[in-house]
Amino acid sequence: MAKRVIASIVLDETAKIKQMWIENPSFTVPGLTLATQNAQVAQIQAKEAEIDAARVHLTGLIEQRDGIARELNDWNVRARRGVGFTFGLESPQYKMVGGTPPSERKPRTARAKPAG
């Protein structure tokens with residue numbers, strides 16, 4: 001399985017190598033050129049811009065979904081209360097819609113008072 005690379009770290013390393021290469025123009029590696037490096041950096045930066053735009057879009061969609069979910073939750077709470085009022089808090093209908101009858105609720109426990 002391929003090792004996961006983090007683009008920002010790769011770009012930082014690339015900048016250091018590029019600076020060294022500029023300061024030492026006699027440095028060569030067969031098959032590698034600054035032009036190729038620059039082209040790949042530009043490709044990564046373009047993809048990062050696309051990813052950022054997609055994240056903004058996704059964040060908007062998530063906020064829209066969560067807003068609708070809050071409205072639906074309010075609707076559910078009101079409906080559950082209505083079922084409890086209509087059929088009673090101990091009714092099977094109340095349990096069916098997710099209500100917890102008072103007889104099944106855990107009793108409150110008193111907190112220990114700090115000594116002092």
If we ignore hydrogens and angles and just use 3.5 Å, is the side chain of [X] paired with the main-chain N or O of [Y] as donor and acceptor?
X	Y	value
Asn24	Met20	yes
Gln37	Thr14	yes
Thr86	Val83	no
Glu90	Ser103	yes

To the nearest 0.5 Å, how far apart are [atom1] in [X] and [atom2] in [Y]?
X	Y	atom1	atom2	answer
Leu61	Asp66	CG	CG	11.0 Å
Glu63	Ile68	CD	CD1	12.0 Å
Met96	Arg80	CE	CZ	13.5 Å
Leu11	Gln40	CG	CD	10.5 Å
Gln19	Ile22	CD	CD1	5.5 Å
Asp52	Arg55	CG	CZ	6.0 Å

Report the C-alpha separation of Asp74 and Glu71 in whole Å, then their side-chain angles, then the decisive distance to 0.1 Å, and conclude whether the side chain to side chain contact (heavy atoms under 4.5 Å, CB included) test is met. CA-CA 5 Å; Asp74 291 344; Glu71 290 175 12; 5.5 Å; no

What I want to find out is whether Lys16 reaches Glu13 closely enough, with some N-O distance under 4.0 Å, to be called a salt bridge. no

Taking the side chain as everything from C-beta on, heavy atoms only, tell me whether Ile44 gets closer than 4.5 Å to Val41. no

Cluster link Ile17 to Ile9, ILVMFWY, side chain under 4.5 Å: no

Spell out, yes or no, whether Phe85 and Val77 are grouped together once hydrophobic residues are joined by side-chain heavy atoms under 4.5 Å, including indirect joins.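 Unlinked, Phe85 and Val77 end up in two clusters.
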
Which pairs, with at least one residue in residues 20-45 and sequence neighbours excluded, count as a ring-ring contact (aromatic ring centres under 6.0 Å, His included)?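 Every ring-ring contact (aromatic ring centres under 6.0 Å, His included) pair that includes a residue of residues 20-45, provided the two are not neighbours, is Trp21-Phe27.
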
By side chain to side chain contact (heavy atoms under 4.5 Å, CB included), Arg105 pairs with (sequence neighbours left out) Tyr94, Thr100, Pro102

